[in-house]
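Take a look at the structure set out below.
Proteins come first, then strands; the chains are lettered A, B, ... in the order of their sequence lines, and each starts at number 1. Only this structure's heavy atoms are used, side chains among them; waters, hydrogens and symmetry mates stay out.
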2 protein chains.
Amino acid sequence: MSDAPTGEMLMRQDAEEHLRKGIEAMFFAYRGFTADPDRILADMAYGRAHHRAVHFINRAPGTTVNNLLEILGVTKQSLNRVLRTLIEDGLVESRVGTADKRERHLFLTEAGQALEQALSNAQRDRMRAAYSAAGPEAVAGFCQVLEAMMDHDLLRMYRLLSETDK
Amino acid sequence: MSDAPTGEMLMRQDAEEHLRKGIEAMFFAYRGFTADPDRILADMAYGRAHHRAVHFINRAPGTTVNNLLEILGVTKQSLNRVLRTLIEDGLVESRVGTADKRERHLFLTEAGQALEQALSNAQRDRMRAAYSAAGPEAVAGFCQVLEAMMDHDLLRMYRLLSETDK
DNA sequence: ATTTTAAGTCAGTGTTGTTGACATTACTAG
DNA sequence: CTAGTAATGTCAACAACACTGACTTAAAAT
């Protein structure tokens with residue numbers, strides 16, 4: 001019934017194995033990626049959603065709610081719950097737009113910046129260690145593959161974010 | 001007050017920017033990574049947790065509950081809820097251990113294998129596209145950095161999984 | 001003047017995680 | 001053999017974070 005595997009079949013098998021390894025690597029690595037900030041957030045009344053909001057407000061100060069909604073890819077009800085607590089706790093400031101008064105522009109307060117720093121320092125420390133362990137060529141490949149994995153519109157947003165800071 | 005930036009300072013700034021890009025790339029790419037299986041699961045009464053369970057049972061057939069708990073990194077109560085529905089729905093079979101009768105060995109039924117195939121095909125298609133877009137050297141770097149990001153014990157598990165299938 | 005847009009809110013629901021407590025069964029060590 | 005420990009499963013309660021759907025307010029656009 002089954003013939004001996006051809007060279008091409010073996011190559012394909014190898015490629016499938018690489019895919020599977022990559023999938024599992026993503027799973028385990030993402031756990032590490034979020035572990036350190038999660039530990040900091042666990043003590044407070046905040047979670048990963050707060051981290052993401054604070055990160056992108058810091059990244060693009062003055063961004064509007066709609067903008068943030070697109071970046072985060074959640075519903076406005078979901079974001080609003082997070083945003084409300086951050087504003088109540090004095091970590092985020094919401095200013096009425098000048099050009100368009102319907103819009104709210106979001107900024108981190110000093111306390112908000114302090115939290116953002118604490119969270120991203122923890123995350124960056126791990127990232128820095130991984131980068132220096134793997135070396136610069138590996139890092140380039142890492143980013144290339146990640147970009148290729150993104151949905152089209154998310155890739156657009158990712159690139160837009162990088163462009164804005166010259 | 002502030003002196004002109006030295007060459008070293010500029011290099012550091014550049015490195016920090018790379019870190020930030022990598023962090024955001026992980027965020028956006030992980031969304032793409034889970035998007036396709038999530039779409040399939042949305043129609044059923046299942047979620048991402050079911051996908052993970054099914055994936056690793058397929059990966060290591062006959063694995064025990066404790067084993068799976070370690071791999072997934074959740075509480076037994078959390079896993080049990082997922083596992084119970086999968087067993088009730090006839091996707092997973094739980095066999096009493098022969099050597100140690102306290103243990104339950106987990107297997108996918110034919111229906112379970114069908115679901116696993118559907119989910120991992122969707123995920124692998126995206127991965128395959130990303131791999132061929134980025135090229136083999138990029139893929140090697142991708143995996144290197146991901147491994148360097150993992151927690152020590154997760155890296156051990158990741159490597160153990162790859163070894164078992166020769 | 002009507003429609004659309006940006007933002008916020010209320011209520012309900014579902015998945016996935018957590019603690020803590022407890023029961024059953026079976027292996028292990030004394 | 002008995003006591004302790006280990007593997008599994010379960011009940012209850014709770015929290016974070018996502019969703020849908022419906023609705024309001026204010027301001028901009030047509």
Side-chain angles (χ1 to χ4, degrees), chain A residues 27 30-31 34-35 37-55 57 62-89 92-107, chain B residues 27 30-31 34-35 37-57 62-89 92-107 119:
Chain A
F27 171 66
Y30 200 78
R31 291 244 299 269
T34 56
D38 280 358
R39 257 188 292 275
I40 296 173
L41 291 159
D43 300 328
M44 323 167 63
Y46 296 147
R48 212 173 282 178
H50 297 83
H51 180 192
R52 294 197 279 256
V54 161
H55 173 94
I57 293 173
T63 188
T64 63
V65 174
N66 253 353
N67 225 312
L68 200 51
L69 278 176
E70 275 197 43
I71 292 172
L72 297 175
V74 296
T75 59
K76 70 176 167 178
Q77 294 92 327
S78 199
L79 175 59
N80 197 256
R81 193 186 337 133
V82 166
L83 226 39
R84 188 164 39 198
T85 66
L86 289 173
I87 292 171
E88 279 171 4
D89 296 351
V92 168
E93 197 191 340
S94 166
R95 298 186 205 150
V96 173
T98 48
D100 188 333
K101 288 181 194 162
R102 290 173 303 180
E103 294 179 339
R104 301 295 135 90
H105 299 280
L106 303 170
F107 299 88
Chain B
F27 172 67
Y30 200 77
R31 292 245 299 269
T34 57
D38 280 358
R39 257 188 293 275
I40 296 173
L41 291 159
D43 300 327
M44 323 166 63
Y46 296 148
R48 211 173 284 177
H50 297 84
H51 179 190
R52 293 198 279 256
V54 162
H55 173 95
F56 286 107
I57 293 173
T63 188
T64 64
V65 174
N66 252 353
N67 226 313
L68 201 52
L69 279 175
E70 274 196 44
I71 292 172
L72 296 176
V74 295
T75 58
K76 71 177 167 176
Q77 293 92 329
S78 198
L79 174 59
N80 196 256
R81 196 180 341 159
V82 166
L83 226 40
R84 189 164 37 196
T85 67
L86 288 173
I87 292 171
E88 277 170 6
D89 296 351
V92 167
E93 197 190 339
S94 166
R95 297 187 205 149
V96 173
T98 47
D100 188 332
K101 288 180 193 163
R102 291 172 303 181
E103 293 178 340
R104 300 296 132 91
H105 298 280
L106 304 171
F107 299 88
L119 294 173

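Distance check: A/Ile57 CD1 to A/Leu106 CG gives 4.5 Å after rounding to the nearest 0.5 Å.
Inter-residue side-chain proximity for B/Leu68 and B/Val65 is flagged as unmet; no heavy-atom pair is nearer than 4.5 Å. Inter-residue side-chain proximity for A/Tyr46 and A/Val54 is flagged as unmet; no heavy-atom pair is nearer than 4.5 Å. The shortest side-chain heavy-atom distance between B/His50 and B/Leu86 falls under the 4.5 Å cut-off. Within the 4.5 Å cutoff, side-chain heavy atoms of B/Phe27 are placed close to those of A/Leu72. With a 4.5 Å cut-off on side-chain heavy atoms, B/Val96 and B/Arg104 count as touching.
OP1 or OP2 of D/dC19 sits under 4.0 Å from a side-chain N or O of A/Thr75. Contact check, A/His50 against D/dC17: a side-chain N or O comes under 4.0 Å of OP1 or OP2. A close approach under 4.0 Å does occur between a side-chain nitrogen or oxygen of B/Asn66 and OP1 or OP2 of D/dT8.
If you measure from atom CD of A/Glu88 to atom C1' of C/dG8, you get 13 Å, rounded to the nearest angstrom. Rounded to a whole Å, the CG atom of A/Leu106 is 13 Å from the C1' atom of C/dG8. Atom C1' of nucleotide D/dT10 and atom CD1 of B/Ile87 are separated by 13 Å, given to the nearest angstrom. Protein atom CZ of A/Arg39 is 16 Å distant from nucleotide atom C1' of C/dT18, rounded to whole Å. Between the P atom of D/dC19 and the CG atom of B/Asp38 lies a distance of 11 Å, rounded to the nearest Å. Atoms CG (A/Asn67) and P (C/dT5) sit 16 Å apart, rounded to a whole Å. Nucleotide D/dA18 holds its C1' atom 13 Å from the CG atom of A/Leu72, rounded to whole Å. Atom-to-atom, OH of A/Tyr46 to C1' of D/dC17 comes out at 16 Å; the value is rounded to the nearest Å.
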Going 5' to 3' through nucleotides 25-30 of chain C and flagging B where a protein heavy-atom sits under 4.0 Å of the base, S where only the sugar-phosphate is that close, and - otherwise, we get BBS---
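Of all heavy-atom pairs between A/Leu41 and A/Gly47, the closest is CD1-O, 3.4 Å.
Of the residues in residues 76-86 of chain B, B/Gln77, B/Ser78, B/Arg81 come within less than 4.0 Å of DNA chain C through at least one heavy atom, sorted by number.
In this structure, B/His105 and A/Ala45 both approach DNA chain D, and ranking their closest nucleotides by distance from the 5' end singles out B/His105.
Relative ring orientation between A/Tyr30 and B/Tyr30 is described as parallel, the plane-to-plane angle staying below 30° on a 0-90° scale split at 30° and 60°.
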>> Assess the residue pair A/His105 and A/Thr64 against the criterion (side chain to side chain contact (heavy atoms under 4.5 Å, CB included)); give the C-alpha distance rounded to whole Å, side-chain angles, the decisive distance to 0.1 Å, and a yes or no.
In response: CA-CA 5 Å; A/His105 299 280; A/Thr64 63; 3.7 Å; yes
